Asks: 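Pasting in a structure now, in structure tokens, and then I'll have a few things to ask.
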Amino acid sequence: MAAAEHAFLRAEFDVVQPLLQRLRNEFGAPDTDPADTRYDVLLAAMAARAGNWPKAVRLCPDTSGGAEAGVVHFLAVHALRELAREDRHTHAGVAAVAIVLWAHLLDEDDPGGFRTLLTERRGEPLPDPLWEQAVDRLRGRISDLLRALDARAGRDALAAWHTAWEAECADGATVVFSDIPTDAGPHALVSLVDAARHLVHHGRGADLLAADTARHPGFSLWPDDTPMRRAYTVPLARTLADRGTEHVRGRRWSEALTDFGTAAQFGHTLTRHDKDAVVRAWRNVGRSRNGYGNDLRVRIDGLELAYVLLPGDTSLAAELTAELVRRGRQVIHTDPLESRRRFARALEVTPGDPAARAELDDLTGDEESFAGTVRGMLAQDPACEPARHWLERHSGKRAVTLAVSGRMDEAQAAVREMLHYKDPAQQPPPKNNHTLIGLLSLAARRTASGSRDGLERRVELLRTAAAIPSRIQEHVREDLHEALLHLAEHLEATAAPSDVIDLFLRDLMRTGVSTRFDKIVENAYVLRATVRKRTGDLGGARRDLACAEAIGDGLPLQTPLFGSVARGPRRDNPRQDTLF
């Protein structure tokens with residue numbers, strides 16, 4: 001074996017192969033360390049010399065410990081030269097060889113005797129400054145080459161060969177050869193978790209976040225499909241928490257709370273230092289030093305984020321409650337619905353809060369009290385048209401509210417009252433389905449459609465109207481289907497796949513009614529299947545893909561997606577939960 005290595009180093013290549021063949025014939029291929037490593041490295045170097053790089057990659061061991069330094073150096077140099085060729089920016093096997101061997105040669109402990117080899121070739125000792133300077137320069141040239149290849153191939157920091165090079169030099173043997181695929185992507189040399197840990201430990205958290213954001217566009221957490229199960233959640237969560245701390249130092253309070261909240265949803269447990277940063281952020285969010293530009297809504301959103309992070313902080317709960325009440329009072333005349341929501345949320349945060357309770361009671365009582373006053377005015381002056389019109393509108397709004405809450409008898413009574421105020425000479429019938437449907441449809445048309453809440457409200461109003469028997473029921477159902485499509489499109493763009501699927505499973509529109517709606521649902525199942533597969537839930541992924549395929553097949557409207565309908569009266573609208 002030594003004779004073959006020496007012949008190789010003397011460039012007597014025609015001698016090497018016969019020596020190796022004789023070794024194999026007499027003793028068989030070496031199978032003990034380090035003899036087998038020396039043998040494989042030498043065969044790999046011979047293959048590289050002949051330009052047979054697939055064979056060289058296959059033969060090169062993951063560690064070159066014990067191999068002749070000169071042979072390792074030959075193979076490492078030729079690997080770099082091969083990578084420098086124009087068409088080698090995706091040759092992961094050669095990159096792995098170059099990275100592993102050069103990391104071995106340039107290791108600060110010099111386990112392979114590379115410095116001794118250079119000393120022998122120089123014929124004189126190699127001074128420490130010259131050695132260190134040469135090593136730094138060589139590492140820099142290797143780094144520059146790998147960065148250029150990464151840029152040419154479009155690899156991000158998690159899949160970059162440069163990241164693999166740094167990880168191999170700093171953290172030990174983590175690089176794998178091309179026949180062992182990693183989860184980081186095509187031609188990647190280290191696993192996602194190894195790459196992420198390296199980026200975090202070496203101050204490249206920004207690169208990690210940039211790569212993750214590019215891999216998951218619209219970086220946002222989904223209620224059910226949160227990416228907590230990503231392979232690299234621990235380093236990613238730590239990076240987000242670190243960035244949250246940086247945002248606090250930069251007085252970017254909302255961004256800081258968002259990052260801490262995201263880190264927590266990734267499974268990060270806040271440290272004492274993190275909690276101090278969160279406290280500082282919530283005390284300042286939505287506020288400015290001089291008071292100009294204060295934004296109460298931004299402050300409430302920030303306090304809500306902090307409240308999730310610090311649920312036991314009583315001062316935070318008190319501050320959030322106070323700000324909710326303040327916002328409720330601020331919009332009590334311009335947006336009573338928001339005002340009511342703010343007061344109700346304040347009572348959720350601090351049950352029994354007297355200010356929130358009083359405001360909510362007053363909000364409910366004021367309108368009824370005013371209605372009583374108007375009724376009194378109308379009793380004194382039956383010809384008072386403004387009073388009659390106000391009571392007519394008031395009764396109509398009550399009818400809508402009662403119907404949506406499922407109190408149909410009371411809603412019908414409110415409709416009769418409305419019709420009475422509209423025309424006292426007429427006696428309204430007990431049931432006024434057509435009128436009630438009209439009120440619900442009108443309320444749906446007047447509902448703002450720029451937000452999810454508004455779209456959800458519109459669907460709920462039309463769902464209630466569509467359930468009331470009437471000769472125009474089919475037209476109302478068409479309006480409901482249109483509202484459902486708009487909501488589905490909004491959820492597709494802004495929410496999680498599970499939100500779209502949940503909308504579908506409410507059974508408000510059968511498959512086949514809207515091709516666009518079916519496609520949105522199908523895509524949602526495919527996306528959720530991808531998330532489940534990535535997190536190891538293979539059974540759930542298979543079920544989701546089966547659901548997507550069933551929807552895409554365009555089954556008959558009357559047929560459940562899986563199985564037959566149970567015996568008995570046929571339902572006009574079979575439930576979509578047959579998907580499960």
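Note that this is a predicted model, so its numbers are computed, not measured.
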Asks: Any Lys/Arg nitrogen of Arg115 or Glu120 sitting under 4.0 Å from an Asp/Glu carboxylate oxygen of the other?
Replies: no
Asks: Are the side chain of Asn294 and the backbone N or O of Ser288 linked by a donor-acceptor pair below 3.5 Å?
Replies: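 The answer is yes, because a donor-acceptor pair under 3.5 Å joins these two groups.
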Asks: For Ser191 and Asp194, what are the C-alpha separation, side-chain angles and deciding distance, and is it a side-chain hydrogen bond (donor to acceptor under 3.5 Å, both in side chains)?
Replies: CA-CA 5 Å; Ser191 68; Asp194 286 339; 3.2 Å; yes
Asks: Answer yes or no: is there an ion pair linking Asp276 with Arg272, defined by an N-O contact shorter than 4.0 Å?
Replies: yes
Asks: Between Asn52 (side chain) and Ala48 (backbone), is there a donor-acceptor pair under 3.5 Å?
Replies: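 It does not hold such a pair.
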Asks: Examine distances only and state if a side-chain atom of Trp165 and a backbone atom of Ala95 form a donor-acceptor pair shorter than 3.5 Å.
Replies: no
Asks: Can you check whether Leu199 reaches Leu158 side chain to side chain, under 4.5 Å on heavy atoms?
Replies: yes
Asks: I want to check something: taking the side chain as every heavy atom from C-beta on, are Glu323 and Arg297 in contact at a cut-off of under 4.5 Å?
Replies: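 Of all side-chain heavy-atom pairs linking Arg297 with Glu323, none is under 4.5 Å.
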Asks: Would Val248 and Asn284 count as a side-chain contact (heavy atoms from CB on, under 4.5 Å) if you check the C-alpha gap in whole Å, the side-chain angles of each, and the deciding distance to 0.1 Å?
Replies: CA-CA 10 Å; Val248 168; Asn284 291 278; over 6 Å; no
Asks: Can a donor-acceptor pair be found, under 3.5 Å and without considering hydrogens, that links the side chain of Thr163 to the backbone of Ala157?
Replies: yes
Asks: To the nearest 0.5 angstrom, please state how far the CG atom of Leu240 sits from the CD atom of Gln265.
Replies: 11.0 Å
Asks: Salt bridge (Lys or Arg N to Asp or Glu O under 4.0 Å) for Arg141 and Asp144? Distances and angles first, verdict last.
Replies: CA-CA 5 Å; Arg141 291 176 63 182; Asp144 291 343; over 6 Å; no
Asks: Report the C-alpha separation of Phe260 and His247 in whole Å, then their side-chain angles, then the decisive distance to 0.1 Å, and conclude whether the side-chain contact (heavy atoms from CB on, under 4.5 Å) test is met.
Replies: CA-CA 10 Å; Phe260 281 121; His247 283 324; over 6 Å; no
Asks: Among side-chain atoms of Ser315 and Asp313, is any donor-acceptor pair under 3.5 angstrom?
Replies: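 Side-chain D/A pair, Ser315 to Asp313: present.
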Asks: When you look at Asp301 and Ser254, which way does the side-chain contact (heavy atoms from CB on, under 4.5 Å) test go after all the steps?
Replies: CA-CA 8 Å; Asp301 290 343; Ser254 293; over 6 Å; no
Asks: Evaluate the criterion side-chain contact (heavy atoms from CB on, under 4.5 Å) for residue pair Glu456 and His490; output intermediate values, then yes/no.
Replies: CA-CA 10 Å; Glu456 291 273 14; His490 182 82; over 6 Å; no
Asks: Do Val100 and His104 touch side chain to side chain, with heavy atoms closer than 4.5 Å?
Replies: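 In short, these two side chains do not touch, never coming nearer than 4.5 Å.
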Asks: Going by heavy atoms in the side chains, are His162 and Arg155 under 4.5 Å from each other?
Replies: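 They are not in contact (no side-chain heavy atoms under 4.5 Å apart), so the answer is no.
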Asks: Could you tell me how the ring of Phe517 sits relative to the ring of Phe504: parallel (under 30°), tilted (30 to 60°) or perpendicular (over 60°)?
Replies: tilted
Asks: State which residues pass side chain to side chain contact (heavy atoms under 4.5 Å, CB included) with His78; sequence neighbours excluded, sorted by chain then number.
Replies: Trp53, Phe74, Arg81
Asks: Looking only at side-chain N and O atoms, does Tyr232 offer a donor or acceptor that is under 3.5 Å from a partner on Asp212?
Replies: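 Tyr232 and Asp212 do have a side-chain donor-acceptor pair below 3.5 Å.
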Asks: Determine whether a donor-acceptor pair (N or O, by modelled atom type, separation under 3.5 Å) exists between the side chain of Asp150 and the backbone of Trp161.
Replies: yes
Asks: Can a salt bridge be assigned to the pair Arg243 and Glu255 using a cut-off of 4.0 Å between side-chain N and carboxylate O?
Replies: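 So Arg243 does not pair with Glu255 through a salt bridge.
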Asks: Side-chain contact, heavy-atom cut-off 4.5 Å: Trp102 with His73?
Replies: yes
Asks: Do you know the tightest heavy-atom contact between Leu487 and Leu503?
Replies: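 Here Leu487 and Leu503 meet closest at CD2-CD1, 3.8 Å.
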Asks: Is there a donor-acceptor pair under 3.5 Å between the side chain of Arg139 and the backbone N or O of Leu106?
Replies: yes
Asks: Determine, for Arg516 against Glu489, whether the closest basic-nitrogen to carboxylate-oxygen distance falls under 4.0 angstrom.
Replies: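 Looking at Arg516 and Glu489, the cut-off is met.
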Asks: Taking side chain as C-beta onward, heavy atoms only, is Arg204 less than 4.5 Å from Glu166?
Replies: yes
Asks: Mark yes or no for whether Arg299, through its side chain, and Trp282, through its backbone, hold a donor-acceptor pair below 3.5 Å.
Replies: yes
Asks: With side chains defined as the heavy atoms from C-beta onward, is the minimum distance between His268 and Asp274 less than 4.5 Å?
Replies: yes
Asks: Does the side chain of Glu319 reach to within under 4.5 Å of the side chain of Arg283, using non-hydrogen atoms?
Replies: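 Of all side-chain heavy-atom pairs linking Arg283 with Glu319, none is under 4.5 Å.
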Asks: Looking only at side-chain N and O atoms, does Asp242 offer a donor or acceptor that is under 3.5 Å from a partner on Thr245?
Replies: no
Asks: Looking at Val526, is its backbone amide N or carbonyl O close enough to the side chain of Thr530 to form a donor-acceptor pair, meaning the two atoms are under 3.5 Å apart?
Replies: yes
